[in-house]
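Right, one structure below, let's go through it.
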Amino acid sequence: MRKTLITTSIIAAVVAMPAFADPTAQELLDQKTVTSKYYVDTTKQDKITTDKVLFYENPKEGITAYVPALVLTNSAGTALNGNTVGVVDHGTVSNMPNPNLSHYTAATYDNVVPTVRVVANELSSIWTSLNNTLSWTSTETSAVNAYDTDFGNKGMWPSGDYDRYITGSSLAQGLALKQNIIAAGTSGNVVTYTGTAGSVGSVGVYNGSTTYNSSTDSGKLATAGFVETKQEKLTCAGYVDGHANDDNYCWLYSLEEPQAPAPSCGAYGVVVAGKPPSASVCCSGVFQSGTAECGCSIESDCPSSGQTCNTANHICS
């Protein structure tokens, strides 16, 4: 009886043991291989410390919300951490007192990553807010030619439109009536009207620096400097009796005398010929004490940069 009991127990134990596959030859060899501490320290993955990330906190309302953290590399790219950036889902956002994410701080934005649902909901909110668009009614249509940005009911943009969005078609209608970008054209040319709205022409400028060519220069505008080099103006020096000042009866012409250059002022130590007895003919406005020579009033009146002006006698030294 005892022998039968032992046999039965042994059979039960064998049946209850879990089945293990026979190890392969490589596994048997690996079980006999002992590694070094250095190998383990340099090849093993360090334990990643995980935590939750603070998303919202308002002590006055007694609300604090944390979100699950992501496992990311550190800023140096040398290790992993799991407590810097979190995942914000729709449930977390909807439980906030103000679920509009635009009210959170920039620092909060940098610490979380939204789920697809959170992003979709925010985009939907933006789309809903775009109902406050400029509908391009007759009031706005009459303002498309306005170049004033003052929304003050001046017959241009209505005062209530200063903070409204505009649709793409409205923008296109407004831009279609504005001046097109003027092409670069030829450097130095003068822009001219063409008689067609939104289109301009140009004409060249002739300054006399090259030999005049009637086939290419006749239609150009002359510069004042080039005109100055041409023939002096002719004036009538004799009229037929009874037709004075009538150019149609002029029988004698003369060249106008060129204008005399404006008299120059006298520099330091100079006596201007024909000067009146006044220091006003001097550039400095003063004479040297006891002489009729121009003096100095400041250092820049002196002939040498190293000299100074004695304002008591107006003499440089």
Side-chain angles (χ1 to χ4, degrees), residues 134 136 138 140-152 154-157 161 166-268 270 272-275 280-285 294 300-301 303 305:
L134 192 146
W136 211 249
S138 59
E140 283 79 19
T141 302
S142 64
V144 294
N145 279 321
Y147 288 88
D148 191 354
T149 58
D150 182 13
F151 296 85
K154 298 178 180 178
M156 297 183 180
W157 291 101
D161 288 348
I166 63 173
T167 62
S169 60
S170 300
L171 177 62
Q173 291 180 58
L175 294 179
L177 297 177
K178 303 305 177 184
Q179 172 67 52
N180 293 334
I181 295 176
I182 299 176
T186 303
S187 177
N189 278 17
V190 177
V191 177
T192 60
Y193 289 110
T194 62
T196 302
S199 177
V200 296
S202 69
V203 62
V205 176
Y206 182 72
N207 58 14
S209 60
T210 59
T211 302
Y212 179 79
N213 186 328
S214 59
S215 62
T216 58
D217 298 330
S218 61
K220 294 180 179 179
L221 300 177
T223 63
F226 170 72
V227 173
E228 183 67 18
T229 64
K230 299 295 101 181
Q231 176 72 44
E232 297 292 344
K233 182 180 179 180
L234 294 175
T235 59
C236 185
Y239 294 95
V240 175
D241 292 341
H243 297 279
N245 299 321
D246 188 342
D247 289 340
N248 291 324
Y249 292 89
C250 181
W251 59 270
L252 178 64
Y253 286 92
S254 66
L255 294 177
E256 286 187 350
E257 291 293 333
Q259 294 182 353
S264 61
C265 61
Y268 179 85
V270 173
V272 179
K275 67 175 179 61
S280 61
V281 297
C282 297
C283 298
S284 62
C294 292
S300 60
D301 295 330
S305 60

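Note that this is a predicted model, so its numbers are computed, not measured. Counting begins at 1 with the first residue of the sequence.
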Any side-chain heavy-atom pair of Thr223 and Val205 under 4.5 Å
yes

Run the side-chain contact (heavy atoms from CB on, under 4.5 Å) test on Leu252 and Tyr239 for me, step by step, so that the C-alpha distance in whole Å, both residues' side-chain angles and the decisive distance to 0.1 Å come before the verdict.
CA-CA 7 Å; Leu252 178 64; Tyr239 294 95; over 6 Å; no

For Asp217, check salt bridge (charged side-chain N to carboxylate O under 4.0 Å, His left out) against everything at least two apart and list the hits.
Lys220

Side chain proximity check, Pro303 to Tyr268, heavy atoms < 4.5 angstrom:
yes

For Gly219 and Val203, which heavy atoms make the closest approach, and how far apart are they?
O-CG2, 3.2 Å

Contacts of Asn213 that satisfy side chain to side chain donor-acceptor pair (under 3.5 Å) - sequence neighbours left out
Ser215

Looking at every non-hydrogen atom in both residues, tell me the closest pair between Gly201 and Thr194 and how far apart they are.
N-CG2, 3.1 Å

Do the ring planes of Tyr206 and Tyr212 sit parallel (below 30°), tilted (30 to 60°) or perpendicular (above 60°)?
perpendicular

Would you indicate whether Cys236 and Cys250 have their SG atoms under 2.5 Å apart?
yes

Within this structure, what is the CG-OH distance for the pair Leu234 and Tyr253, rounded to the nearest 0.5 Å?
8.0 Å

Would you say the SG of Cys282 sits less than 2.5 Å from the SG of Cys294?
yes

